[in-house]
Amino acid sequence: MTHPSDTGTAPVLALEDVSKSFGAVRALRNVSLELYAGEVHALAGENGAGKSTLIKTLAGVHRPDAGRVLLAGEPVVFHGPGDARDAGIAVIYQEPTLFPDLSIAENIFMGRQPKRALGRIDHKATHAATLALMKRLGVELDPDRPASGLSIADQQIVEIAKALSFDARVLIMDEPTAALTGSEVARLFGVVRTLRDQGAAVLFISHRLEEIFQICRRVTTLRDGAWIASEPLDGMTEDDLVRRMVGRDLDELYPKQDVTPGDVALSVRRLTREGVFTDISFDVRRGEIVGLAGLVGAGRTEVARAVFGVDRWDAGEVEVDGKQLTSGAPSTAMAAGLALVPEDRRAQGLVMDMSIERNIGLTGLRTTVRAGLMDRGAERSRSLDWAVKLQVKYARIADTVSTLSGGNQQKVVLAKWLATGPRVLIVDEPTRGIDVGTKAEVHRLLSQLAADGVAVLMISSDLPEILGMADRVLVMHEGRLTAEIPRSEATEETVMAAATGRAAA
Amino acid sequence: MTVTTPHETTVAGVPKSSGTRLADRVFKMRELAILVVFLVMIAVTEAGNSQFLSEQGIKDLLLNATILVLVATGQSLVVITRNVDLSVGSTLGITAFAAGTYLQGGGNPVLAIVFAILLGIGCGLVNGLLVSLGQVPALVVTLGTLYIIRGADSIWVGSRQITAADLPGGFVDFGSGGISAVPWLALIALAVLVVVAYYLKQFGSGRELYALGSNPEAARLAGIPVRKRILAAYTVCGGLAGLAGAMYLARFGNVDSSTGNGYELTVVSAVVVGGVVFTGGSGSVYGAALGALLLTSINSVLPALGVSSVWVLAINGVLLLLAIAVDRVVAVRVATALKKKSALRKGTAATSGPAASLPQQDNSPSDPSGAEKGNTHA
Amino acid sequence: MPESLTRAIRWDTVVGALLIVLLLFSFGFVDGFGNALNLSFFLGNTLPIALIALPMTLLVVSGEIDLSVASTAGLSGAVMGKLWNDGMAIETIIPICLLLGVVCGLVNGLLVTRLGLPSLAVTIGTLAAYRGIAQIVLGSNAVTDFPTQYLDFAAGRFGDSFLPQAFLPFLVLLAIAVVVLHATPFGRSLFAIGASEEAARFAGIRVKRAKLLLFTVTGVMASLTGVFWALHYASARYDNATGLELSVVAAVLLGGIDFDGGKGTLGGAVAGVFLLGALQNVMSLLNVSAQSQIVVTGVLLVISVLGPRVARQIAIARAAGSPG
Amino acid sequence: GGTTKNDVKDDSAGAATSGKANPNAALKKGLTVGFLPKAVNNPYFTSSDNGGKKALEELGESYKEVGPSSATDTSGQVSYVNTLTQQQVDAMAVSAQDPGALCTALKQAMKNGIKVVTYDSDTKTDCRNAFVSQASAEDLGRTEVQLLAEQIGYKGQIAILSAAQTATNQNTWIGYMKDELKDPKYKNIKLVKVAYGNDDAQQSFQQTQGLLQQYPNLKGIISPTTVGIKAAAQYLSGSKYKGKVKLTGLGTPNDMRKYVKNGTVEGFELWDPAKLGDLAARTAVALSSGQITGKEGETFKAGDTTYTIGKDGVINLGKPTVFTKDNIDQFNF
Ligand SMILES: Nc1ncnc2c1ncn2[C@@H]1O[C@H](COP(=O)(O)OP(=O)(O)OP(=O)(O)O)[C@@H](O)[C@H]1O
Ligand SMILES: Nc1ncnc2c1ncn2[C@@H]1O[C@H](COP(=O)(O)OP(=O)(O)OP(=O)(O)O)[C@@H](O)[C@H]1O
Ligand SMILES: [Mg+2]
Ligand SMILES: [Mg+2]
């Protein structure tokens, strides 16, 4: 296969010297990009580098302040997402954009349903087409179930199915794999390869660099909204790529410090929530990082939610430092020193319309108080401290979090919970959507916290992360704990075996 | 990276399972619950007063409901898009009077109805334009137009009134006539209802109303013409309020500047009782129509049972609360049942896998039956 | 989202400014407005709306609404009349009425928080129920013979000044509400709940407890208003304060409180209340008919949401037009 | 101990009167009289206020009308009393939504030298100078029973469809109706129910339906309110009960013309609202001119008739007119 750009054909879709600002923030500065038919092109950059903004410009969501969008060599102006769609561009946005009240099938085909006579919708054909898509992706989702209540991962799958259903000539994917585990990712890549071979152009964003190397041919790097390079991936190493993105060499990605675990800090006994998980028992000791692995939908998130108290449990006990927690009471859990960095940052982690300062301040309402009134100075300095510590990239601390890039939003969530000085920290997908540089930083932080005596329970779908960081790995399968694997024995094989229910441990 | 294909064996066949059908039933049940409440109420009343379901009685029940059904149908369209139209009462009032004025001058009844609908559409357009183009909160805007239309109506109408004597006899007879117990007006309302429901279910633009109510931002990204759809919903809502105005005139023969005053709360109640959710994206016009039928019937049932009018208002309120509470409790119960069911399934699947490493699992309660298992894998 | 934020921040100051402009205009150009008697009328008649607007603002900020306030007020007035007719001492009756307000608020709150019902639907239901109970309690009676010292307090003013006697307690309540909403952790958590209930719950905020408390306080304030109403107008009837909920909602909306929750200031809400009140007073003095007053209220509401938006569009257009 | 009802003296002893009447005083010119009906836009009040307007123009005074747009907006009516006080009118004619609620404001007005006349619907007696009553409540109540009894042949069940439960005038009339029914000649007539339609067309409509369903043998309905009788008539004329169930009460000839002609209604009664307004206006002018003060026994001339002030400052307009198909075409209001 020769590289498309060598053949002299015009790129299917291109950006030429595009700039875009949000107020004072210059999200894109004279960026150019060319997408050719039959190639998978990676877009790399730190959090806030402007990747999503670039994609939204291609998709007609944003109008560029300067520069042009070229479709098959011709300049075009997209007046809205509909225009881009009609031009054959399918987009998976970073945050799922589903209609919670509608069925999965309707979500996928909204606006483009197969029709019968007189323009009526052919519900049967829609159903069948959805089933076919699910099969192609190798997942089992009922086309008729409503989208509400789907896990983030399943939502992402539906988004992918939606994009595939277009048979588009350009497929743009903004971190489609952030919530997926290895098997789904492999499936997705299989489908993407097929599409590529059929002549589609694909633009792919991921903070998991190995994925970029796995599937992409060329990469465009952005830094602080500026174009750095567009080049073939052949012959590049991960370190090269990181250097382009970050502008310096990277620290070690998994800086796990060795600690001797102390007393039991979190003890979960026979916890059951009917229909969700059954009979979950485990301990987390001071200084320990315990990984919780499993396939999507295994129930890890649900366990975390119940332990923290946002959901009730039906049976069992949870103790923090020997203190029993009550079912369904996050405030008592917090008082006992428990913190939960939730999975869904937009819905659960952040109040999107509030400022960065106040979001971080939300967990400190009891501490930043003087004489019963808010102590704004204390609130601000607490928030500033943590925003700086986690290197959140923002214009002003009083800006609303919704203006931050995805990765920076995640950092705010972390800041918000670390600021409580927890004794037991549960993190659910803590580095989802976080760039490699920051990821190393978060890992270093978790490791440091553990060394300082915090008990950490880390849920992650990123298996290397689990293997790299955890002292012990717990594995869940369909609502039950199926294995407990010490660090020395934890490998991809042993964990996956337990996660898929094939464990013979 | 080695990747194993997961759970092909364990979860296969799950999607087609009873979950779907149950979920389906939950949705149907919401309307069913109201229907049952309604039927029980009617049965009890009939038992207490055999006149209640006489031909005249049934006719009265249907006639009382029609106007509210029409307005509630239009309102549902708007509410489904996560908006609201509080100005329907005012629109109804002004269109009724306009149609009356026209008829008073010797106009043609059919043209009068068309005229009322057009005026309603005009009001709906104004609301729709303000909400969709201005992108401002519907609640505030339509509360504003509620006052504006009502005020304009009062200024225009003054203390004039239109009575049955001013109207063509045929028009007034049409308002109370029908085929035996089924009034003409009810037939019109039913036709409108069926058409709107069919449109919502079978047409792309109808589904898009649900989509944009469910998640407006996603709707925009999906390329749905959001403003156009919202404008359309308001226009239809206004048009139906106009039609209802004309029917009000035919039915009561009697309009003045206060006609339709305070009607918006009744309409909103009907829509809410009917299970149309205020945060948009779900509910059906049949539900809203049943809600309307239930609410108006309460007002006929209580006097028919001889309940003193002193009690009517309180009973009305309590029944309204009961209706929404029961609806909610049923929905929650069914959802829990659904979850339990899928839990059983999951449990079956889990134990069907190889034995796990943790000791506690040995004492897990045994799963009920092999039949259940057979089902899931079928 | 950023648009509505600007609305909340800017609009309450705009309403405040409008109020001041209107007052200045009226003092200067409207006969009879500026004298103490008229001012006391204006303040006294606006007071019931203002009293209910306080808790209503908090409730709306937290994403809920209570449409049953006017009925609660009517019910507490009716109970007051009934008990008075039965010979109970007014000093006992008033606490009982306030307790009744607690119950009314609790019923709303429990239905909303325990059963998870939408507050709009619940309070439309209790709007009818409470008014109906009031009708059962008092029937067609109108009780007017409350003790004069109480009537004088509710209707009177300080000497010949413009200040109604009941205005001072209101100012105290206003101050409390402002502090609670804008300066306490509780107030802060209300904004969080209104903007994202789920995120608030995940931050350990006791969402249900906060909402229950708010509904209860709203009930108490509504019943207090009912007592005040009955004394101010020296008349306890079951249909007292009918329709007051719409006035409160309109005023609060005008003050820039966003009914989606999470935004707004008490200053804006109170400015909205007194703007509408002053406008009505002035228009009546200027012989503007009741019908035209309704239109003006409506136009004002539409402008309150459209105005900031148009202003923003113009600002953007100007920024785009200017070079650089 | 606290303040209870017993501690409060009933101080509303009589009409608020002050000064001495001078029956021969000349009528002043150039006075301003404000009319404050229960609600503007109500056809009934519009006719009566127009009657007042005509009278005032004839006397060389000036007329103005203010009022709330809803008949249940009591606080709105109070603030209009305040407005009129502010505007320093010489007298006001008020139809009170509530007997007590307007008192503070009206007393305030009288303190400022404004004469207060109530018409159609009274307040407590000490809150106004005089009340112009459309007809004596007793007359109305009794004649309506007499009208209906005749129509149904002094036999059968009857019901009353009233307005709001709190409407003072309605309740007084209903009281006299019940009293009249005690007369032995009505021994075969049974009043089965008083229903309330709240002066809302739709509610009155449904209340009528309810009455007929609950009492299939109902023979007649009295509706002493213009809205109620109209709604009841409309329902009856479109139902199988037309002509079988008799309806009477208070209605305007224009409203009821159709139903009288098509046989739904045989007869009903009303005073002339324009005359009511006329008398209210003349009373107000007489008060302002000092011809009367509102004391019992004082007399004054309004138009061609001389009226005497009765107990508690009440002035009666006279007997109501009964409308039947024979005379209804002579009236237009
Ligand atoms: N709607 C907006 N308003 C204001 N600023 C914005 C908006 N959208 C993005 N930005 C800013 O633009 C910059 C680029 O954001 P973008 O979302 O494109 O980053 P990204 O490369 O996708 O990051 P990530 O990897 O975290 O998703 C950031 O500084 C962000 O704060
Ligand atoms: N908010 C929710 N409401 C209802 N059901 C949910 C919700 N979130 C998840 N579920 C369902 O609960 C089950 C367990 O999901 P959960 O998110 O706990 O899995 P997980 O192991 O954390 O997987 P992941 O986080 O990787 O998606 C799944 O079947 C999922 O579809
Ligand atoms: Mg991004
Ligand atoms: Mg999860």
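A note on names: the letters A, B, ... follow the listed sequences, proteins ahead of strands, and every chain is numbered from 1.
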Side chain to side chain, C:L127 and B:L265, heavy atoms closer than 4.5 Å = yes
Heavy-atom closest contact (C:A121 atom, B:V272 atom, distance) | CB-CG1, 3.0 Å
Step through the shown structure and confirm whether more than 12 heavy atoms of other residues, nucleotides or ligands are within 6.0 Å of NZ on C:K211.
-> yes
Straight-line distance of C:I294 CD1 to B:Y147 OH, nearest 0.5 Å | 8.5 Å
Interchain contact, C:L120 with chain B, by part (heavy-atom threshold 4.5 Å) = side chain
With rounding to the nearest 0.5 Å, note down the distance linking OG in C:S289 to CD1 in B:I155.
-> 5.5 Å
What distance separates C:L111 CG from B:I324 CD1, expressed to the nearest 0.5 Å?
-> 7.5 Å
OG1/C:T297 to CG/B:L143 distance, rounded to the nearest 0.5 angstrom?
-> 9.5 Å
Which of the residues C:I136, C:L67, C:I124, C:V302 is involved in the greatest number of heavy-atom pairs with chain B at under 4.5 angstrom?
-> C:I136
Any idea which heavy atoms bring B:G317 and C:A128 closest together, and the distance?
-> CA-CB, 3.6 Å
Over all atoms of both residues, closest heavy-atom pair of C:S304 and B:V140 | OG-CG1, 4.0 Å
Quick one: which of C:A290, C:G116, C:A134 has the most heavy-atom pairs under 4.5 Å with chain B, could you say?
-> C:G116
Minimal heavy-atom distance between B:G134 and C:L306, with the atoms involved, is CA-CD1, 4.1 Å
Taking atom CH2 of B:W156 as the centre, does the number of heavy atoms from other residues, nucleotides or ligands within less than 6.0 Å exceed 12?
-> yes
Atom of C:V295, atom of B:A152 and distance for their closest heavy-atom approach | CG2-N, 3.6 Å
Roughly how far apart are C:L301 CG and B:L146 CG, rounded to 0.5 Å?
-> 9.5 Å
Region of B:I148 in contact with chain C, defined by heavy-atom distances below 4.5 Å | both
Supply the atom-to-atom distance C:I133 CD1 to B:I315 CD1, rounded to the nearest 0.5 angstrom.
-> 11.0 Å
For B:V329, is it the side chain, the backbone, both, or neither that has a heavy atom closer than 4.5 Å to a heavy atom of chain C?
-> side chain
